[in-house]
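Heads up, the thing below is written out as structure tokens.
All values below come from the heavy atoms of this structure, side chains included, with hydrogens, waters and symmetry mates left out.
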Amino acid sequence: MNQYPAVSCICLTYGRPQVLEEAIYAFLLQDYPGRKELIVLNDYVEQTLRFDHPEVQVINCPKRFYTVGEKMNVAVALASHDLLFVWDDDDIYLPHRLRFSIEHFDPQQGFFKPAQAWVWQHGELGGPVGNLFHVGSCWSRRLFDGVRGYAADGTGYDLVFEERLAKRFPGSTKPYPIRAKDIYYIYRWGGTGSYHMSGFGHYKPGGNVGHDQVETFVRQRARRGEIRQGVIPLQPHWKSDYQQLVTGYLATLAGQPAPVQG
């Protein structure tokens, strides 16, 4: 395999451009030396997202998908390359994510996910915690095709996908024992001003849990004027320097003074 093969990152979004802009910026900051692309799939019909960049493709759908699992499958179908990264729109990935993942990716295993992640809550960093988060993973299209993609379902669709991989390709989903200094994924919970689909209930096969609740949440905020409508030119940026935040936190864990940002 090419040392740095072309990769595709898939980013689903629905009614929250303020966090999506941070996710896109995280992609633009990647230090990956190979070819890369970000597929942003938006199905909130009240927003038309715009961003012009050769590595970022924003696709606005005229109708909402019935399940997030089906939306994921469409995003994968739109991707140009056969190594795929899940790129959540409300979390943060540090600049070394793509490079580090590919440098430790085993083509035979076909799946990569670190065993630990950081957690961000109302501006405070914590962890490391055990990483059950599918959105920190990457995998080959060979594995995706082998299990026929994601289940047409809501909350839990990602865990079902990994369970299918583990059954069809034994050992494939074994997590990588990452060191704290190499952790690239920051899972954000409270403080983004947005929703978490998983916060609306637990997985029920065929239940499409979270789908209607997310729509209701977004509709209510839109009525209060808290969610922009119409054509939205995206302006990727970070609201905080997350790399500096992690660097300082690592120094604290080691019992050293946090470095001063120049």
Side-chain angles (χ1 to χ4, degrees), residues 4 7 9-13 16-34 36 38 40 56 85-106 111-139 158-159 162 173-199 234-262:
Y4 294 107
V7 301
C9 305
I10 52 177
C11 180
L12 310 187
T13 194
R16 48 186 185 185
Q18 75 281 2
V19 292
L20 172 64
E21 289 174 330
E22 292 196 273
I24 294 175
Y25 192 62
F27 173 81
L28 297 177
L29 288 178
Q30 293 297 303
D31 61 12
Y32 189 63
K36 64 185 187 297
L38 178 68
V40 178
V56 180
F85 286 74
V86 186
W87 204 271
D88 214 1
D89 68 340
D90 67 334
D91 293 327
I92 298 296
Y93 304 99
L94 298 182
H96 63 287
R97 183 203 174 171
L98 295 179
R99 176 181 50 78
F100 183 88
S101 298
I102 291 301
E103 287 175 352
H104 296 85
F105 183 84
D106 180 353
F111 181 94
F112 179 85
K113 183 172 74 171
Q116 292 185 310
W118 303 119
V119 174
W120 184 94
Q121 176 91 322
H122 297 289
E124 297 292 329
L125 195 66
V129 298
N131 182 17
L132 299 177
F133 311 113
H134 178 65
V135 292
S137 69
C138 68
W139 29 267
D158 47 354
L159 298 180
E162 290 195 21
T173 58
K174 181 180 179 181
Y176 176 82
I178 196 168
R179 298 175 297 179
K181 70 175 186 177
D182 294 325
I183 296 173
Y184 57 70
Y185 174 51
I186 304 175
Y187 174 73
R188 297 200 294 180
W189 186 253
T192 65
S194 188
Y195 57 84
H196 277 275
M197 192 173 191
S198 60
L234 297 172
Q235 299 178 336
H237 67 285
W238 274 354
K239 296 177 182 177
S240 300
D241 187 337
Y242 298 101
Q243 183 70 74
Q244 180 68 19
L245 186 65
V246 169
T247 299
Y249 186 69
L250 283 168
T252 301
L253 291 179
Q256 302 171 354
V260 177
Q261 186 174 10

Passes side chain to side chain contact (heavy atoms under 4.5 Å, CB included), Leu28 versus Val56? Steps please.
CA-CA 9 Å; Leu28 297 177; Val56 180; 4.2 Å; yes
When you measure from the side chain of Gln30 to the backbone N and O of Leu98, does any donor-acceptor pair fall under 3.5 Å?
yes
Nearest heavy atoms of Glu22 and Ile92, plus distance in Å
CB-CD1, 4.1 Å
Option among Trp189, Tyr187, Tyr249 that satisfies the ring-ring contact (aromatic ring centres under 6.0 Å, His included) test with Trp118
Tyr249
As an exercise, state the distance from CG of Leu29 to CD1 of Ile24, rounded to the nearest 0.5 Å.
12.0 Å
For Leu94, is there any backbone N or O sitting under 3.5 Å from a side-chain donor or acceptor partner on His96?
no
Sequence neighbours left out, what passes salt bridge (Lys or Arg N to Asp or Glu O under 4.0 Å) with Glu103? Give chain and number order.
Arg99
Indicate the ring-plane relationship of Tyr176 and Phe112, choosing parallel, tilted or perpendicular according to the 30° and 60° boundaries.
tilted
From Thr173 OG1 over to Glu162 CD, what is the distance, rounded to the nearest 0.5 angstrom?
6.0 Å
Using ring-ring contact (aromatic ring centres under 6.0 Å, His included) as the criterion, point out the one residue from Tyr184, Trp87, Tyr25, Phe27 that pairs with Tyr93.
Trp87
So which heavy atom on Pro177 is nearest to which on Ala115, and how close?
CA-CB, 4.2 Å
Hey, does Ile183 have a side-chain heavy atom less than 4.5 Å from the side chain of Pro114?
no
Distance (rounded to the nearest 0.5 Å) between Trp139 CH2 and Phe105 CZ
10.5 Å
Below 4.5 Å, heavy atoms only, C-beta onward: do His104 and Asp182 meet side chain to side chain?
no
Shortest non-hydrogen contact from Leu20 to Cys11?
CD1-SG, 3.7 Å
Please report the interatomic distance OG(Ser137) to CG(Asp158), rounded to the nearest 0.5 Å.
8.5 Å
More than 12 heavy atoms of other residues, nucleotides or ligands under 6.0 Å from CD of Glu124: is that the case?
no
Flag, side chain of Gln121 to backbone of Gly126, donor-acceptor distance under 3.5 Å
no
First locate atom CG of Leu12, then atom CG of Asp89, and finally report the distance between them rounded to the nearest 0.5 Å.
7.5 Å
Taking the side chain as everything from C-beta on, heavy atoms only, tell me whether Phe85 gets closer than 4.5 Å to Arg97.
yes
Determine whether a donor-acceptor pair (N or O, by modelled atom type, separation under 3.5 Å) exists between the side chain of Glu21 and the backbone of His237.
no
Spatial distance of atom CH2 (Trp120) from atom CG (Leu245) [nearest 0.5 Å]:
9.0 Å
Heavy-atom distance under 4.5 Å between the side chains of Phe100 and Ile178, does that happen here?
yes
